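Structure, as structure tokens:
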Amino acid sequence: MQKNVSASIEYAISAAVIIACIGVSHITGSGSFSPFFFDWGGYYNQGLIDAAEWKANRFRLI
């Protein structure tokens, strides 16, 4: 019986990428600059964008 080794390697690589992303998220924290994740709610509360722009982008992560 032959075991599929490539599937195990793919799971290990996926787990490593997820752990690295979580680590970067904890290092950067929520108060620092994060260029790929916009705080649309914060922009609306500060008056930088209007309600239409907030509504159009509220679920957009990137």
Side-chain angles (χ1 to χ4, degrees):
M1 184 164 191
Q2 189 177 14
K3 188 173 182 179
N4 188 358
V5 177
S6 64
S8 300
I9 292 172
E10 289 175 10
Y11 284 124
I13 291 171
S14 297
V17 168
I18 291 171
I19 290 170
C21 290
I22 292 171
V24 167
S25 172
H26 283 289
I27 289 172
T28 59
S30 62
S32 64
F33 178 68
S34 189
F36 300 110
F37 299 102
F38 300 104
D39 181 21
W40 296 109
Y43 292 162
Y44 176 73
N45 289 333
Q46 293 174 1
L48 298 174
I49 60 173
D50 61 354
E53 190 172 2
W54 169 79
K55 189 174 182 181
N57 295 308
R58 62 185 163 177
F59 297 117
R60 179 186 265 175
L61 296 177
I62 296 177

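Hydrogens, waters and symmetry mates are skipped; everything else that's a heavy atom, side chains included, is used. Quantities reported herein were computed from a predicted structural model and do not represent experimental measurements.
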| said: Within this structure, what is the CD-OH distance for the pair Glu53 and Tyr44, rounded to the nearest 0.5 Å? | reply: 12.0 Å
| query | Quick one: OG on Ser14 to CD1 on Ile19, what's the gap to the nearest 0.5 Å? | reply | 11.0 Å
| request: Report the distance from atom NZ of Lys55 to atom CD1 of Ile49, rounding to the nearest 0.5 Å. | output: 13.5 Å
| query | Can you tell me how far CH2 of Trp54 sits from CG of Asn45, rounded to the nearest 0.5 angstrom? | reply | 9.5 Å
| Given a cutoff of under 4.5 Å between side-chain heavy atoms of I, L, V, M, F, W and Y, with clusters grown through shared members, what are the other residues clustered with Ile22? | Ile18
